[in-house]
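Only one structure is covered here, and it is reproduced in the block below.
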Amino acid sequence: MNLIVEREKGLLELEKRIHELRAMSANQPIDLSSEIRALEAKYAEIQRDIFGSMSAWQKVHMARHPSRPTSLDYISQLTAFDELHGDRQFRDDPAIIGGFGKLFGRRIIAIGQQRGRDTKENLLRNFGMVTPEGYRKVARLIELGAHLALPVVTFVDTKGADPGIASEERAQSEAIASCLMALVDARVPVVSAIIGEGGSGGALALALADYVVMLEHSTYSVASPEGCAAILWGDAGKAEEAAARLKLTSEDLRGFGIVDEIVPEPIGGAHRDPATLIERTLRVVDAALARLSGESVEELLEARYRKYRRIGAWQSDTMNAVTARA
Amino acid sequence: MNLIVEREKGLLELEKRIHELRAMSANQPIDLSSEIRALEAKYAEIQRDIFGSMSAWQKVHMARHPSRPTSLDYISQLTAFDELHGDRQFRDDPAIIGGFGKLFGRRIIAIGQQRGRDTKENLLRNFGMVTPEGYRKVARLIELGAHLALPVVTFVDTKGADPGIASEERAQSEAIASCLMALVDARVPVVSAIIGEGGSGGALALALADYVVMLEHSTYSVASPEGCAAILWGDAGKAEEAAARLKLTSEDLRGFGIVDEIVPEPIGGAHRDPATLIERTLRVVDAALARLSGESVEELLEARYRKYRRIGAWQSDTMNAVTARA
Amino acid sequence: MPEWLSRRRGSSAPPPDDGALWTKCPKCGEVLYRKDLAANYSVCPRCGYHFRMHAFDRISMIVDSDFVEIGGSVLPGNPLGWSDKRSYEQKLSADREKSQLTEGVVCGFATLSGFPVALGVMDFNFRGGTMGTVVGERLTLLFEAARDRRLPCIVFTASGGARMEEGMLALMQMAKTTAAVARMRNAGNFFCTVLTDPTTGGVSASFAFEADVIVAEARAVIGFAGRRVIEQTIRQKLPENFQTAEFLLEKGHIDMVVERQEIKPTLGRLLDYALGDKHERVDAKVPELNA
Amino acid sequence: MPEWLSRRRGSSAPPPDDGALWTKCPKCGEVLYRKDLAANYSVCPRCGYHFRMHAFDRISMIVDSDFVEIGGSVLPGNPLGWSDKRSYEQKLSADREKSQLTEGVVCGFATLSGFPVALGVMDFNFRGGTMGTVVGERLTLLFEAARDRRLPCIVFTASGGARMEEGMLALMQMAKTTAAVARMRNAGNFFCTVLTDPTTGGVSASFAFEADVIVAEARAVIGFAGRRVIEQTIRQKLPENFQTAEFLLEKGHIDMVVERQEIKPTLGRLLDYALGDKHERVDAKVPELNA
Ligand SMILES: [Zn+2]
Ligand SMILES: [Zn+2]
């Protein structure tokens, strides 16, 4: 059960009523304008109440909202896209969509984690949980981009890497490590957009980038709140508490220097106005690529190294709490 | 049924008789020396008869002789060897033995195709037919050698790449092509020894080398004689005829510039004096490495390119039959 | 028919094979007028069956207008002195007659959707598309030319494997072409293969699977070992879709499966992604041979 | 006990854990005298069970004599202000007490079979060997030092994954260590990891599987997802050997499985293969910290 979906129900009902009243007002000689205004004010009030200051736990549910735009929704808004398949060895993983694309005319390699938009697609795409073959496809496409001097854009949206037996048998660890290595070594700009759930190492495998963009209500976390609660307290039911502690919101991560820019969402979340939100996100990604493309490969790699080199927070004998942004 | 094994039977019987007579002669006051000499002469005559000028078809059987030294027999005679396993992704293929080695003190990466020396080992090692995982292990070890500036030595002995369903499903073509690419790009000397059967692309995947050494009675062929006969004449039974036509002996291949040096075998074949033959082969490989290690990486790669660039035989409007060695 | 093609074919060239004006679709049995079939990319208009294509028909289908052949003067000899029922020379001569080709691959320069490209097209009609020393040499010349002129390279494969009659010299073309592909790749060129029916053996296990992007024509059979060899080994029938392009796509071996009609526009888009404005597209010319 | 170790431990340091002189083998139940157990590499002399090892015991077992720690002054803070039943500071303090370590990894310079090496050893006793920012920073300092001094680098892993209490800052250590490994690798250094029980999660999916040679200690559990997570997902028990070093060897993930007693000689041989006479072995000295 998704918290946001539940809370939206009343709002959607109210929205419908307002539409009906507007239609009635337009077709019949009754002036309902003050009643409509009152309902609209009520609507805005509830909306502010729900979405004005969402808790971390609410954002977790927003990030998982079944109508939240997925990677394919962004990729389909590119000027052009041709999908490339497979790891060249074992399987084409449908949880990864990747290929050549054009972003406002800019030639790129686009790669996204794809969950399903309905039950059938979720089964096909393994709920967006990537298998080793998927990560190997990602690494291959990153290397293709580097070979052809095409920048790489990734869309991150996954609960986490697939935790199944078969994935362990086919070296999930090695596959994720290969992705990280491909991204570290890529001699082209890399920009990542965290568009939904950024779940653990399975998300990071696509998000080690020169510039990381994150949607306002997306989450990006060392573990799912449920997983964290299970690990620390042996009780997945304490997920809400874990969510609050994990600092998994875009604001938190901007503060840590892990996220470089936050893309504001329409009130009610990305799915309430996908077209505007997607256009806005793609513009932010494109602007980042424009800046990065001005750098030499050596500058790019050096800046990428420094960016990740300094992420951390520790004390030392002589210094106190040297944080990432210091 | 192995032709050489069959023809050896009489010889081995005679050998046994001579030994018995010698023992008798030593222990009893009977002079059998002239009888022994006569038998020895007869033995030498039969030996010359069988092995003096072997046909291509006989060499095919010699190359497949069940007692012929295998890759492990050579590898076990290195000064040191530590096996490294696996393709890092899917499986460790027992048909490939690879790892760090020392050849007369010289640090190398040693890789060999390993058939079984008995039925049980043949099942384990898939009769020396390598699967995609095996070729990927080979490519990985070649890259490890290049990373650590260690020359690569390969021992070639296979009927051919594994032709099973599972190997097709896991991209046997791509795996062999990856091996070829790794060998072409390797920034270290590569020396190959064709010690048994060199079967088609599955053998070449380990034999694209700066210097190719071939045992006198080994074979190296575009297809097995049986396979060739089946392809051309729809009759695998015509293998002997195919063997004669295919030019698969060490002499033929030395003539084409595909093999650089032939290692002479003891009369009767490598298995009649494995210790001497293996030592001799390893010395030849070591001498080649000594010569190649004097070259710069650029010279090495340029020479490797030219070596394979010129292999061929064609006519043109202005030239006649430009052959490889021209 | 473009001017170069009619020059190549001769304006009164007979239709290939048996000279008949009509042919029957081997899949659905429909009787097809050859001219209509040719106009439809040699795809059966009723069931979509992809007839195997002659190299020059393929080129004509793909290029914008001109095509300048290179390596055409490299011609086969008989390095092993091969002879069985017929001599190798006789076989070559018969295939030359039948296919109107001098060897199993045609290489050259062309423009495709405005991009100058180095283009190689194999033809199954000549010795089953087998790779001998001439196929290897012509392709190597193509890869070297692509590298020297900084051209993207596209190769259509169709091959039964290595050519038996040239023995180990044929097998070594896997090494030779791989070496040339590596040089081209290390120089940063874009390399794309289009695997057509059938692509097997030594071609499959070398340059065919060494490309940056691997396209397969719909329903093409692609694999290392031949279907018969595998069936003999496992002593059972293989599933219908085994080794088809669609099967390989699912198994992750290839980038995409494309219907024949879509191959030219697809290649145009791939070139555009890979090269974009790095290359002049407007008024692009076929590079001259001795430029 | 080498001088540096007794200095580090204090000559009258109590035995770890509960101070008892005897301990029971969890596998075969044998009661073992701790001193004998330590002398036997913490391997049960009866059944071969490998006890988890303290980082300094591991170092003492591996190095020739000296060990100079680096990064030891990098100490954990509480970047998220984490607190649940106890504050993160309290947890750290308790683990410091229990393990006699300041964090989950010990890094430094040493010689091994005469080869100067950069050596990192993780310890499961400190927060389950989880990787937080201090583990990441210490390892990064180690990789950078190995690169700058052209030293081979060996890391023993033991980890339950990323450290929850440091949130995303912990996860990013996968990126940070990978970046440092890449620089070291691109400079041509030799990098070897030894995976000990357990090696999972973020450590497994970053530097542990980025080494030139990956050794695993016999019977160690190694994987990405934890056994419990998988069992919950598939709702059935996993086979006994699942995710063991031996299982991974068969699946091709690792180079070799080695019994603990053989680890030091094995590493000596690997260094000899990888480095040979490129490095001075005779009278090799531990590099000085400010050299
Ligand atoms: Zn039809
Ligand atoms: Zn025990």
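Convention: sequence-line order gives letters A, B, ...; per-chain numbering from 1.
For the set C/S83, C/G160, C/G128, the count of heavy-atom pairs under 4.5 angstrom toward chain B peaks at C/S83. Comparing C/E210, C/R228, C/K85 by heavy-atom pairs within less than 4.5 Å of chain B, the highest count is held by C/E210. Counting heavy-atom pairs under 4.5 Å between each of B/K247, B/R170, B/R245 and chain C puts B/R245 at the top. Residue with the most contacts toward chain B among C/E250, C/E166, C/R163, C/Q243: C/Q243 (heavy-atom pairs, distance under 4.5 Å). In terms of non-hydrogen atom pairs under 4.5 Å with chain B, the most contact-rich of C/T177, C/V134, C/L80 is C/L80. Contact count against chain C (heavy-atom pairs under 4.5 Å) is highest for B/L232 among B/D185, B/I231, B/L232. Chain B forms more heavy-atom pairs under 4.5 Å with one residue of C/N186, C/I234, C/V229 than with any other, namely C/N186. Interface remark: of the candidates B/G198, B/S200, B/G164, B/S200 forms the most heavy-atom pairs closer than 4.5 Å to chain C. Per-residue heavy-atom pair counts under 4.5 Å with chain C were compared for B/G201, B/A223, B/A171, B/A207, and the maximum is reached by B/A171.
There is no contact between B/L183 and chain C, counting heavy-atom distances below 4.5 Å. Contacts between B/L253 and chain C at a heavy-atom distance below 4.5 Å involve the side chain alone, from C-beta outward. For C/L238, the part lying near chain B is the side chain, with the backbone staying farther off; criterion is any non-hydrogen pair under 4.5 Å. Neither the backbone nor the side chain of C/F207 comes within less than 4.5 Å of any heavy atom of chain B. The parts of C/A180 that come within reach of chain B are both its backbone and its side chain, each placing non-hydrogen atoms under 4.5 angstrom from that chain. Only the side chain of B/L208 comes within less than 4.5 Å of a heavy atom of chain C; its backbone N, CA, C and O stay farther away. Looking at C/E144, the atoms closer than 4.5 Å to chain B (heavy atoms on both sides) all sit in the side chain, from C-beta outward. Looking at B/V184, the atoms closer than 4.5 Å to chain C (heavy atoms on both sides) all sit in the side chain, from C-beta outward.
Atom OH of residue B/Y308 and atom CE of residue C/M174 lie 12.0 Å apart, to the nearest 0.5 angstrom. In this structure, the separation between CE on C/M168 and CG on B/L248 is 9.0 Å, given to the nearest 0.5 Å. Interatomic distance, OG of B/S173 versus CD1 of C/I254, reported as 11.5 Å (0.5 Å rounding). The CG atom of C/L171 sits 8.0 Å away from atom CD1 of B/I258, with the distance rounded to the nearest 0.5 Å. In this structure, B/W233 CH2 and C/D84 CG are separated by 5.5 Å, a value rounded to the nearest 0.5 Å.
Nearest heavy-atom pair across C/P79 and B/F256 is O-CE2, 4.2 Å. For the residue pair C/T133 and B/G312, the shortest heavy atom distance occurs at CG2-CA, 3.6 Å. Residue C/Q173 comes nearest to B/I311 through the heavy atom pair NE2-O, 3.2 Å, listed as atom of the first residue, atom of the second, then distance. Nearest heavy atom pair, residue B/L180 against residue C/A205, reads CD1-O, 3.6 Å.
Surrounding CD of B/E251 are at most 12 heavy atoms belonging to other residues, nucleotides or ligands under 6.0 Å away.
Using modelled atom types, no side-chain atom of B/Q172 and backbone atom of C/A225 make a donor-acceptor pair closer than 3.5 Å.
Looking only at side-chain heavy atoms (C-beta outward), B/E169 and C/F242 come within less than 4.5 Å of each other.
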Please lay out, stage by stage, how C/R183 and B/E302 fare under the test salt bridge (charged side-chain N to carboxylate O under 4.0 Å, His left out).
-> CA-CA 10 Å; C/R183 284 216 160 179; B/E302 181 60 29; 2.7 Å; yes
Salt bridge (charged side-chain N to carboxylate O under 4.0 Å, His left out) assessment of C/K251 paired with B/E168 = CA-CA 10 Å; C/K251 296 292 178 189; B/E168 291 292 319; over 6 Å; no
